[in-house]
Chemist: 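Quick one: this structure, given as structure tokens, is what I'll be asking you about.
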Amino acid sequence: MAERRDNEEIVIRVRGLVNQLGGNVLHDHLDLDVKRGEVLGVVGGSGTGKSVLLRSIVGLNRPKAGSIKVFGEETVGKDAEDLHTLQPRWGVLFQDGALFSSQTVAENIQVPLREHADMPQSLMNEIASMKLSMVGLPEDAGHKYPSQLSGGMRKRAGLARALALDPELVFLDEPTAGLDPISAAHFDELVRGLQESLNLTVFMVTHDIDTLRATTDRIAVLVDRKIHVGTIETLVNDKHPWIHEYFTGVRGHAALASAPA
Amino acid sequence: MGHPKHAEVRAGYRVERSGRIARIVLDGEWTTAQATPLDSALQKIDLGGAQEVQIDASGLKRLDSAGAWLLLRTKRRIEERGQKVTQLNIPQDYRPLFDTMHEEHTAPPVVIPHRHTLRHFVERLGRGFIHALQQGKEMLAYVGHVTIEIIETIGPQKQLRWPAFIHQIEETGITALPIVGLLSFLIGVVLAYQGADQLRRFGAEILTVDLVAVAVLREVGGLLTAIIVAGRSGSAFTAQIGTMKVNEEVDAMETIGLNTVDVLVLPRIVGLVVVLPLLTFYANVMGVLGGAMMSYLALGITIPEFLRELQSALTVWTFWLGIIKAPVFAFIIALVGCFEGLKVEGNAASVGKLTTRSVVESIFLVIVFDAAFSILFSILGI
């Protein structure tokens, strides 16, 4: 594969990130590397700034200090306008889908195509339909408005929109929250499948320990305004009380117990 | 190697024929960026009369889901034509993507409906008419509902929510003083200027005072204030209550056992009914002041002269007929504002739509009622 270079290529490089929210320091000189082709899970207690980290990377939040490079390009201090070359290369799934409420699901999926790719309408319709089945939505969902969908369906539709341009990098903000366990497992498979076939890099904020186990290569834990990065195996033995409890508490234990040896 | 998102054509295929077998060899990057040229090239694919088709995708440099779809679509179209696809080589890396799509994607393309046909227009017209009728009926029912609630607050078992009421008076009344005052003053100036211009030709400049005073007190003061308040507060009512509906705050209130009419609607309606007559009075004063200033500047009518003429021009009724309309206007504005706010459904777009509708409806109704008052007053001979 000509496109697939050495595995150590860094897609997201965060250095010395400082974020403050209402006088509260969320991130204190945080460093993080995300490698091409990996699925990175980001976990942490409520209010530890998981979503803020995601928003900082895609340029929705201005950090107080630090540098964030995505595909080698600085995003800190830039507006959406300045990131026009990066936007087709990433897709973002927001917590509740963030679909445009005045448009049908199919039209929502076509928004990035219209903006960044010059395609005939017939092909866009085919692609919208394909993306719908990729995320497991029934075919008639394309005609519906977001307000007519359930929370779980909105999330899938949001994912379809995030994947519209086949980005190299996908940000998922709590993708399996609100899905039933079976759909969540399907979603995990889907992420993994796409990741493998497209060498997709996934930055995923999640609480779902099953998802972490099923999909992630590495896990970044936000605790005490810093970040601990490791695999499930190394983090289970981490001395930090929150991390320890997270991975060995009742829920964590059950999920890990079912893991293949 | 850059990332060829906006690059020239870099993807394609060629067909090799050998006897009854046609071999499609794909090359390049079958990606979203290349989808448009590929799409049109694939529409024109010519396999002649081949009965067997082999697809060789092993030379692909990249494949994403758009490319995989085009490949899958081509394969399906070949099969629909009765030709057999006997071989399909896909690089191992892209196999999962293609297989998932092959298994799961069978749906026809979505159709985005055409919204600009005559049929659609007629349909919308009909729907709009029926909607307007329903809206009228619902509004009437709502007037009844709110009236009953208001009457109940007069009784001993129920009380108006005073803090909310006071808050509404501040929001809709006190903060509106600057804009209402300024606009009324300017309207007074304009009326005096135009009046003076016309009346000077008849040598009746002094009647400018009568014109300004009667126009402002009977009509302009009240109407202008009502329209400003509809734009300022009526829209705010819809937006506030609508946002609460979107956040499910209204549902939360109901499950807790709070009466939403009591909590949200009554303080706004009663507050505005109290405030609007006061604002109208203030607007009248400012309008007459504007007229007085302009009369002095344009016609040299001094303040004592102005006041003397004012006294002879006005009766007590001129004043009251203007003020008496204000509570009615207030009731209309607040009622429409709250009614539309409560009709908001789960999304942000609906808040905007209903806010606009609330302002248009309340201004429309205010003017209709103003006309009705004029007819009523002329029948009564006052």
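A note on names: the letters A, B, ... follow the listed sequences, proteins ahead of strands, and every chain is numbered from 1. Every value quoted in this text rests on a predicted model; they were computed, and no experiment measured them.
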Chemist: Output, in order, the C-alpha distance, side-chain angles, deciding distance and verdict of salt bridge (charged side-chain N to carboxylate O under 4.0 Å, His left out) for B:Glu123 and B:Arg127.
Modeler: CA-CA 6 Å; B:Glu123 191 183 310; B:Arg127 277 185 204 283; 3.0 Å; yes

Chemist: In terms of heavy-atom proximity below 4.5 Å to chain B, should A:Phe100 be classed as side chain, backbone, both, or neither?
Modeler: neither

Chemist: Measure A:Ile109 against the heavy atoms of chain B and call it side chain, backbone, both or neither at under 4.5 Å.
Modeler: neither

Chemist: At a heavy-atom separation under 4.5 Å, does B:Leu70 approach chain A through its side chain, its backbone, both, or neither?
Modeler: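 Side chain of B:Leu70 only, per the 4.5 Å heavy-atom cut-off to chain A.
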
Chemist: Do NZ/NE/NH1/NH2 and the carboxylate oxygens of A:Arg218 and A:Glu38 come within less than 4.0 Å?
Modeler: yes

Chemist: Among A:Lys131, A:Glu189, A:Met119, A:Met130, who wins on heavy-atom pairs under 4.5 Å with chain B?
Modeler: A:Met130

Chemist: Under a 4.0 Å threshold between the charged nitrogen and the carboxylate oxygen, would B:Arg73 count as salt-bridged to A:Glu126?
Modeler: yes

Chemist: Which label fits A:Trp90 and A:Phe171: parallel for a plane angle under 30°, tilted from 30 to 60°, or perpendicular past 60°?
Modeler: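 Geometry flag for A:Phe171 against A:Trp90: perpendicular rings.
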
